[in-house]
Structures are given as structure tokens and as C-alpha cells.
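Since the structure comes first, as C-alpha cells, the remarks are kept for the end.
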Amino acid sequence: MSVFRFAPSPNGYLHLGHAYSALLNADMARVRGGRLLLRIEDIDETRCRPEYEMAIYEDLRWLGLSWEEPVLRQSQNLAAYQAALDALKAQEVLYPAFESRAEIARFVAECEPWPRDPDGAPLYPGMSRQLSAAKRQERMASGVPFVWRLDIAKAIDRAGAVNWQESGAGPAGETGAISASPAQWGDVILGRRETPASYHLSVVVDDAAQNVTNVVRGADLFHATGLHRLLQMLLGLPEPAYHHHRLILDAHGRKLSKSSQATGLRELRGQGKSPADIHRMTGL
Ligand code: GLU
């Protein structure tokens, strides 16, 4: 049976773009006689808030959506991400990295132009990758903060060619059999000392644990899919089918943000819009 999921992060109120994604998932699940799951992606403690989570349930119910209970909340699933992190450590494709964000930014500023990932963030320069095993142990034992990074070159070497099947389209219209380039992300962070998870790791762990067969989400996550497939291959997880949908843009052609009042579902509801109006406004 087909299993779809809508996986918002409770770090702001939902807007038209979320409504489109949730409604599209629900429509596709209905057409295929499949299941629809809701997953709360709340591992970022600094940005996620309970009131946003409550608002997600309320706004989605108002839209007329229903989903299976219990809802998986990632903040309560850290042991699963820790296990995946440990499996990757055992494959020696992770290493601890000790530089602060400011240190990396300073280094990159001195070396501009510096390569960037598809989201525009500078690639990690790799200082900690070279450390000897003894030095790594010594630094970790000293109590300095560190993150776990994926040695992307080693990981790609292990996994081989990475690809996926796309039934929607990427930002440049890419569709069909996609040959991924996860190297464009560099040595991404997969876990932190205090939280054994990152978006990229938790999303693949949960999609597999929840038997998700169809990942339907915004085109802004198209390039991340290469990284997700790489992690699935390393962890021996099944491959879902992917469908990246168009993004709903504001009047200036920009991606909607969670703080933009004009397209917030609560604001639209306050203005007297009905769920049918929202359906229409998303172009569904
Ligand atoms: N939690 C992510 C977001 O709100 C979506 C993750 C996904 O659909 O894979 O952008």
C-alpha cells in the first residue's frame, strides 16, 4: 500500500505553500487508496515551539485533513537517529569536527570565492577531516563541542552511483531518472554532541521506519534528495519514490516564509477565507 507523509517543522505558522504540500499529499494518497501520515519535524529545539505544533494540527484540521495517530514527533525519536549515527560511525564515514560556525565563516571569508552547497551555504573546508584518530579522541575527551560530519567522498566511494526516480520536477525541470550529485553538499553535519540528529539523517530514518513509499514535498528539497538517497544506501534503507512539487511564490516571486503574514493560513482564515478558497489559491 502507498504511504504518503506531510512533515512540517513547528518553527512558525503554516502558509499557503504548506497547505499546497499537505493537500497534494492527501489528494495523491486518496487517489491511490493509500495512507497519509503527519510527522512533526521538531529536532531543532532552538526554533521549534509547542504553540506552532498545536497550530499545525488546528490549521490542517480546518483545511479538512485527517491523518493517522499517533503522530511521530522527531524530538521523541532520538534513539533511532542515534542508532543510525552509530551505524554510520561503524562504517567509518563520519568524523568529529571541532570548529565553531564563526571559525568556519572566518576561514571561508579569507578564501572567497569559496564553493557553496545548493542552499547557498559555504562547504565545510574539511579542517577536522585530517585529524589523526588519537587527536580526535583527545579533543572529544577534552569536552570541547563538536559535530559529526559525513565524509562525503568516502561515503560516495562506499555507496557508488546515487540516483532516484522523480515524478515531479526539480527547480530546473529535472524529472524521471535523476542522477544525483551528493558531493555538492560537502561534509554535511549529521549529528551534534547534544542531539544525535540532523534534518537529513532523521528524514531518511523516519521515512524508512514509517514505511513511506512516496515522498511528496517542495522543489526546494530536490537537491537534498541526492544526500537522502546516499544515506539510504549506506544504511540499507528502502528507496521511496520522489515527487517534488512547485513552490508557491509571493507577489515578488520569492519563496513564502513562515513569518509572511499575507499568506499565513491563520491570517487567511481570519480574513474569512474558507478551506475551499485555500484549495483554489494553491491552484489545486
Ligand atoms: N520538515 C521539512 C520542512 O518543513 C520537510 C521535510 C520533508 O518533507 O522531507 O521543510
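Order of listing sets the numbers, starting from 1, for every ligand and every atom in it.
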Can you tell me how the ring of His244 sits relative to the ring of Tyr242, calling it parallel under 30°, perpendicular over 60° and tilted otherwise? parallel
Just to confirm my output: which protein heavy-atom neighbour is closest to atom 8 (O) of ligand 1, and how far is it? Arg5 NH1, 2.8 Å
Under 4.0 Å, heavy atoms only, figure out whether ligand 1 is touched by the backbone of Phe6, its side chain, both or neither. neither
Is the shortest distance from a Lys or Arg side-chain nitrogen in Arg192 or Glu194 to a carboxylate oxygen in the other one below 4.0 Å? no
Whether His18 lies under 4.0 Å from ligand 1, heavy atom: no
Does only the side chain of Leu221 get under 4.0 Å from ligand 1, or the backbone, or both, or neither? Count heavy atoms. side chain
Whichever hydrophobic residues join Leu123 through chains of side-chain contacts under 4.5 Å: Tyr95, Ile104, Phe107, Val108, Trp114, Tyr124, Met127
Report, in ascending order of atom number, the atoms of ligand 1 lying under 4.0 Å from any heavy atom of Glu41. 1 (N), 2 (C), 5 (C), 6 (C)
Quick test of your reading of the structure: of Pro10, Ser9, Ala224, whose heavy atom lies closest to atom 3 (C) of ligand 1? Ser9
Closest approach of any protein heavy atom to atom 5 (C) of ligand 1, naming residue and atom: Ala7 O, 3.3 Å
Establish, yes or no, whether a centroid distance under 6.0 Å links the rings of Trp164 and Phe222. yes
Flag the pair Asp220 / Asp119 as yes when at least one side-chain heavy-atom distance between them is below 4.5 Å, and no otherwise. no
Do Lys154 and Asp157 sit within salt-bridge range, that is, some charged N less than 4.0 Å from a carboxylate O? no
Looking at Tyr199, which atoms of ligand 1 are within less than 4.0 Å of one of its heavy atoms? 6 (C), 7 (C), 9 (O)
Can you sort out which atoms of ligand 1 are near Val203, meaning under 4.0 Å from one of its heavy atoms? 9 (O)
Just by distance, with hydrogens left out, do His245 and Arg217 show a side-chain donor and acceptor under 3.5 Å apart? no
